[in-house]
Amino acid sequence: MTKVAIITGAGKGIGKSIASQLVADGFQVAIADMDYDSAVATADELSNARAYRVNVANHDAVFQLVDQVVQDFGQLDVMINNAGITKEIMLEDMAEDDFQALFDVNVKGVLFGIQAAAAQFKRQGSHGKIINAASIGAYSVAEKHSGYSATKFAVRSLTQGAAKELGGDQITVNAYCPGYVETPMMDAILQNYAEQNGTTVEEEIARGSQRIALRRPEKPEDVAQVVSFLASEKADYITGQAIVADGGVIYK
């Protein structure tokens, strides 16, 4: 039977590449995004994919998403909690609303995804997989990204805790930790750096690449390959791990 995966934040960037890879792997894929237009555009590019609107910071919306996908596809096999945001703000300048927004999407979104997927897997009596988006920021904090890193440290904690609590039901829970990935989110960060430093985006990319052992920025497809592995039977005996895939930036 064809497996079914939900990917949040899949309208563009890393999520879109994950969706494309899983379709190539033979999955039926639910493209879920707050930006419904981007979800539709991505689903239209892929076979065996449907678009869904979801606000991952809303508990009921995430549970309704899982219910709707199961109604449409008949089951759920893999839940990928990919949606996330970042904010470049020094801690001393961090407003409460900014801090709350980071945690609403990056942490509550993962929590609700874990809860909704686990409930469905248990109803099915199946050995499901939950895969969460962390970051190298879950291990190492960069200036102006402390709030973001706090959310990604939390994702690691949720991943480990859920793996321990759900292991008896043969549900695995893991996370992926990308580095500097060429996405619209990273483009905005690089543009800010260029403006602050009086350089160009291309110069910032070249400078950043020198901090990477493989000497090139990470592509969304690089991340998708890791998620593809975690979603496959090859990863059946891996749980509670936050796998770093950054081309050689940090070493854990």
Side-chain angles (χ1 to χ4, degrees), residues 1-11 14-16 18-19 22 27-36 38-39 42-43 48-85 100-134 151-152 154-176 227 230-232 235-236 238-242:
M1 182 178 293
T2 302
K3 291 186 176 181
V4 178
I6 293 174
I7 308 163
T8 65
I14 292 173
K16 180 177 180 178
I18 292 171
L22 291 193
F27 279 80
Q28 296 182 93
V29 175
I31 310 293
D33 206 295
M34 184 77 163
D35 180 353
Y36 184 64
S38 70
T42 294
N48 295 322
R50 294 191 188 186
Y52 299 83
R53 187 194 311 273
V54 67
N55 175 5
V56 297
N58 183 299
H59 172 278
D60 291 348
V62 177
F63 275 74
Q64 289 165 9
L65 168 67
V66 170
D67 289 344
Q68 186 61 57
V69 170
V70 171
Q71 181 177 324
D72 291 342
F73 289 105
Q75 66 192 57
L76 177 64
D77 300 283
V78 177
M79 180 72 177
I80 301 172
N81 296 307
N82 173 76
I85 62 171
Q100 188 62 57
L102 286 167
F103 272 81
D104 282 348
V105 177
N106 296 357
V107 181
K108 288 168 64 175
V110 170
L111 171 63
F112 299 153
I114 290 171
Q115 292 173 330
Q120 179 60 34
F121 294 149
K122 290 178 181 181
R123 281 193 294 270
Q124 295 173 176
S126 62
H127 302 171
K129 296 178 184 292
I130 299 171
I131 306 171
N132 303 321
T151 68
K152 295 306 182 177
V155 169
R156 279 181 59 209
S157 177
L158 290 174
T159 298
Q160 292 176 9
K164 290 182 178 182
E165 294 176 8
L166 298 173
D169 294 292
Q170 300 302 302
I171 298 169
T172 64
V173 189
N174 292 292
Y176 50 101
V227 178
L230 290 173
S232 75
D236 280 355
I238 298 174
T239 197
Q241 305 306 308

task = Flag the pair Phe121 / Leu166 as yes when at least one side-chain heavy-atom distance between them is below 4.5 Å, and no otherwise.
result = no
key: Spacing of OG1 belonging to Thr239 relative to CG belonging to Asn174, to within rounding of 0.5 Å   = 5.0 Å
task = Using a 4.5 Å cut-off on heavy atoms from C-beta on, say whether the side chain of Thr159 contacts that of Val155.
result = yes
query = Roughly how far apart are Arg156 CZ and Gln241 CD, rounded to 0.5 Å?
reply = 10.0 Å
inquiry  = Any non-hydrogen side-chain atom of Val78 less than 4.5 Å from a side-chain atom of Phe27?
reply    = yes
Sub-4.5 Å side-chain heavy-atom contact between Ile238 and Thr172 = no
remark   = Separation between CD1 (Ile130) and CG (Leu230), nearest 0.5 Å, reads 12.5 Å
ask   = How far does CD1 of Ile6 sit from CG of Leu76, to the nearest 0.5 angstrom?
value = 4.5 Å
note = In this structure, CE of Met79 is separated from CD1 of Ile131 (nearest 0.5 Å) by 11.0 Å
ask   = Would a distance-only check, ignoring hydrogens and angles, find a side-chain to backbone donor-acceptor pair under 3.5 Å from Lys129 to Ile80?
value = no
query = If we ignore angles and hydrogens, is there a donor and acceptor under 3.5 Å between the side chains of Gln68 and Gln64?
reply = no
message = Just verifying a value: how many Å separate Ile171 CD1 and Lys122 NZ, rounded to the nearest 0.5 Å?
response = 6.0 Å
key: Residue pair Asp33, Lys16: steps toward the salt bridge (charged side-chain N to carboxylate O under 4.0 Å, His left out) verdict   = CA-CA 10 Å; Asp33 206 295; Lys16 180 177 180 178; over 6 Å; no
ask   = Where do Gln75 and Met1 land on the side chain to side chain contact (heavy atoms under 4.5 Å, CB included) test, with the steps shown first?
value = CA-CA 10 Å; Gln75 66 192 57; Met1 182 178 293; 2.5 Å; yes
task = Check step by step if side chain to side chain contact (heavy atoms under 4.5 Å, CB included) holds for Tyr52 and Val69.
result = CA-CA 9 Å; Tyr52 299 83; Val69 170; 3.8 Å; yes
remark   = Closest heavy-atom pair, Gly84 versus Val105, reported as atoms and distance to 0.1 Å, is CA-CG1, 3.9 Å
task = Kindly assign one of parallel, tilted or perpendicular to the pair Phe112 and His59, based on the angle between their ring planes and the thresholds 30° and 60°.
result = perpendicular
key: Asp77 side-chain N/O to Gly128 backbone N/O, donor-acceptor pair under 3.5 Å   = no
message = Does any part of the side chain of Leu158, heavy atoms only, come nearer than 4.5 Å to the side chain of Val173, both counted from C-beta?
response = no
key: Shortest non-hydrogen contact from Val66 toward Ala116   = CG2-CB, 3.7 Å
key: Check: Asn132 side chain, Ala175 main-chain N or O, donor-acceptor pair, under 3.5 Å   = no
query = Val4 versus Thr2: any side-chain heavy-atom pair under 4.5 Å?
reply = no
query = Looking only at heavy atoms, what is the nearest atom pair of Val54 and Ala61, with distance?
reply = CG2-O, 3.9 Å
key: Close side-chain approach of Asn106 to Ile85, heavy-atom, < 4.5 Å   = yes
key: Check against side chain to side chain contact (heavy atoms under 4.5 Å, CB included), Val227 and Ile7   = CA-CA 11 Å; Val227 178; Ile7 308 163; over 6 Å; no
